[in-house]
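Report on one structure; see the data block that follows.
Here the structure is a predicted model, which is why all the values come from computation and not from measurement.
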Amino acid sequence: MKLYGLIGEKLGHSFSKKYFTEKFENEKIDAQYNLYELPNITEFPSLLARNEFDGLNVTIPYKEKIICYLDELDTIAKEVGAVNTIRFKRYGGRTHIKGYNTDVIGFTNSIKPLLQPHHKHALILGTGGASKAVAFSLSRMGIEYKFVSRNGNFDSFTYPQITKDIIDKYEVIVNCTPVGMYPKTDIAPGIPFQHLTNKHLLFDLIYNPEKTLFCQLGEEHGATVKNGLEMLHGQATAAWFIWNK
């Protein structure tokens, strides 16, 4: 039986186990997918010592921190600077661990059908590993972006800096933060939603709940909204291909 799984700090929100378990059952695949909560990334080597994995997914907050434990990075993962998929290959008693980023293909394929010609600028809420994949994807699609973070720096905004003029210019807004994720579903990132219009596109990487407060507030002002479930399926399909190529 092959062994796969997801590592992260808190995984109660994750649908990955359900997704892969159903896939294995439906396709008669002799494999198992488990969730592995790691309070600290330094516990990763001991996890490997206890288990013989064939593949792993990586989620918050370890998409960047995992890199130092890997033997090699795929070209895209290296450019992005974040990993969400790990492949294990064994050669002559040694295990080679390679990192990939399938968030790029998952996000690109999910948002691309919604983009309109006027969508030239994007705000990326958050600066973690997922936001790096989103930035890479937007850049490849010719969309200029700015990060929004709590602290800000020379190439990003802070939330209090987001004015009506900025909202008017940046008509794509992608939430890469965990704000609004189950169980804390009554909060949303602190942007001025009242300035949104029907020209805006809001994409939330969160998929639990199905419609976050971020998306609800966007819809109330006429914006097109989408959650991260299709992106999850897309990156999971890509991860499965990587694990088995």
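Residue pairs meeting the side-chain hydrogen bond (donor to acceptor under 3.5 Å, both in side chains) criterion with at least one member in residues 162-176, sequence neighbours excluded, are Lys164-Asp168, Asn175-Thr177, Asn175-Asp204. Pairs passing the salt bridge (charged side-chain N to carboxylate O under 4.0 Å, His left out) check and including a residue from residues 127-136, sequence neighbours excluded, read Glu64-Lys132. Residue pairs meeting the salt bridge (charged side-chain N to carboxylate O under 4.0 Å, His left out) criterion with at least one partner in residues 227-245, sequence neighbours excluded, are Lys226-Glu230.
More than 12 non-hydrogen atoms from other residues, nucleotides or ligands lie less than 6.0 angstrom from CD of Glu72. Atom CD1 of Ile105 has 12 or fewer neighbouring heavy atoms from other residues, nucleotides or ligands inside a 6.0 Å radius. Counted within 6.0 Å of CD on Glu52, heavy atoms from surrounding residues, nucleotides or ligands total 12 or fewer; the atom is thus considered open. For NZ of Lys89, the number of neighbouring non-hydrogen atoms (other residues, nucleotides, ligands) closer than 6.0 Å is greater than 12.
Side-chain atoms of Gln161 come within 3.5 Å of backbone atoms of Thr158 as a donor-acceptor pair (strictly under, hydrogens ignored). At distances below 3.5 Å, not a single donor-acceptor pair connects side-chain atoms of Thr21 with backbone N or O atoms of Lys18. With Thr108 contributing its side chain and Val104 its backbone, the two residues share a donor-acceptor pair below 3.5 Å. A donor-acceptor pair under 3.5 Å is absent between the side-chain atoms of Gln235 and the main chain of Phe107, judged by distance alone.
One hydrophobic cluster, built from ILVMFWY side chains closer than 4.5 Å, cannot hold both Tyr182 and Val225; they sit in different ones. When hydrophobic clusters are built by joining Ile, Leu, Val, Met, Phe, Trp and Tyr residues whose side-chain heavy atoms come closer than 4.5 Å, directly or via intermediates, Ile187 is not grouped with Met181. The cluster map of Ile, Leu, Val, Met, Phe, Trp and Tyr, joined by side-chain heavy atoms under 4.5 Å apart, puts Tyr33 and Ile86 in different clusters. The cluster map of Ile, Leu, Val, Met, Phe, Trp and Tyr, joined by side-chain heavy atoms under 4.5 Å apart, puts Leu56 and Tyr100 in different clusters. No path of Ile, Leu, Val, Met, Phe, Trp and Tyr side chains, each step under 4.5 Å between heavy atoms, connects Ile111 with Tyr207, placing them in separate hydrophobic clusters.
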Verify side chain to side chain contact (heavy atoms under 4.5 Å, CB included) between Leu201 and Ile173, making sure each step is shown before the conclusion.
-> CA-CA 6 Å; Leu201 167 59; Ile173 305 176; over 6 Å; no
Determine, stepwise, if the pair Arg94 / Asp71 fulfils salt bridge (charged side-chain N to carboxylate O under 4.0 Å, His left out).
-> CA-CA 11 Å; Arg94 185 183 181 281; Asp71 298 312; 3.5 Å; yes
Could you go through the ring-ring contact (aromatic ring centres under 6.0 Å, His included) check for Trp243 and Phe53 one step at a time?
-> CA-CA 10 Å; Trp243 293 334; Phe53 292 107; over 10 Å; no
Dump the intermediate steps for side chain to side chain contact (heavy atoms under 4.5 Å, CB included) on Tyr159 and Leu125, then the final yes or no.
-> CA-CA 9 Å; Tyr159 288 95; Leu125 311 184; 3.7 Å; yes
Would you check, one step at a time, whether the test side chain to side chain contact (heavy atoms under 4.5 Å, CB included) holds for Val58 with Thr85?
-> CA-CA 6 Å; Val58 184; Thr85 299; over 6 Å; no
Mind running side chain to side chain contact (heavy atoms under 4.5 Å, CB included) on His96 and Phe88 for me, showing each step along the way?
-> CA-CA 6 Å; His96 183 80; Phe88 297 82; over 6 Å; no
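Among all heavy-atom pairs drawn from Ala82 and Asn101, the shortest one is O-ND2, 2.9 Å. Across all their heavy atoms, Thr59 and Gly8 have their closest contact at CG2-CA, 3.9 Å. Nearest heavy atom pair, residue Ile124 against residue Ser131, reads CG2-CB, 3.7 Å. For Ile67 against Gly81, the heavy-atom pair with the smallest separation is CD1-O, 3.6 Å. Nearest approach of Gly99 to Ala77, heavy atoms of both residues: O-CB, 3.8 Å. Minimum heavy-atom separation, Ala223 to Leu202: CB-CD1, 4.1 Å.
Among the candidates Asn34, Leu35, Ile60, the single residue satisfying the side chain to side chain contact (heavy atoms under 4.5 Å, CB included) test with Leu11 is Leu35.
Here Gln116 contributes atom CD and Thr224 contributes atom OG1; the two are 7.5 Å apart, rounded to the nearest 0.5 Å. Taken from CG in Asp54 to CE in Met1, the straight-line distance is 11.0 Å, to the nearest 0.5 Å. Atom CD1 of Ile242 is separated from atom CG of Asp74 by 6.5 Å, given to the nearest 0.5 angstrom. Residue Arg87 holds its CZ atom at 10.5 Å from CG of Asn244, rounded to the nearest 0.5 Å. Taking CZ of Phe157 as the reference point, atom CD1 of Ile166 lies at 4.0 Å (rounded to 0.5 Å). To the nearest 0.5 Å, atom OG of residue Ser46 and atom CZ of residue Arg50 are 4.5 Å apart.
By the ring-ring contact (aromatic ring centres under 6.0 Å, His included) test, His233 is found to be paired with Tyr19, residues two or more places apart in sequence or in another chain being considered. Residues satisfying the ring-ring contact (aromatic ring centres under 6.0 Å, His included) test with Tyr145, not counting sequence neighbours, are Phe147. In this structure His200 satisfies the ring-ring contact (aromatic ring centres under 6.0 Å, His included) test with no other residue, sequence neighbours excluded.
Side-chain atoms of Leu70 and Lys98, non-hydrogen and from C-beta on, never get closer than 4.5 Å to each other. Counting only heavy atoms from C-beta outward, the side chains of Val148 and Ser156 never approach each other to under 4.5 Å. Contact check for Val174 versus Leu205: side-chain heavy atoms found under the 4.5 Å cut-off. In this structure, the side chains of Leu47 and Ile7 come closer than 4.5 Å at one or more pairs of heavy atoms. Between Ile143 and Leu115 the shortest side-chain heavy-atom distance falls below 4.5 Å. In this structure the side chain of Val172 never reaches within 4.5 angstrom of the side chain of Phe203, judged on heavy atoms. Inter-residue side-chain proximity for Ile97 and Leu48 is flagged as met; some heavy-atom pair is nearer than 4.5 Å. Looking at Arg140 and Ile76, their side chains come closer than 4.5 Å, going by heavy atoms from C-beta outward.
Side-chain atoms of Glu210 and Asn227 form no donor-acceptor pair, as typed in the model, at a separation below 3.5 Å. The closest side-chain donor-acceptor pair between Thr102 and Asn84 falls under 3.5 angstrom.
Salt bridge status for Asp103 with Lys63: present, with a side-chain N to carboxylate O gap under 4.0 Å.
Aromatic pair Trp240/Tyr4: ring centres closer than 6.0 Å.
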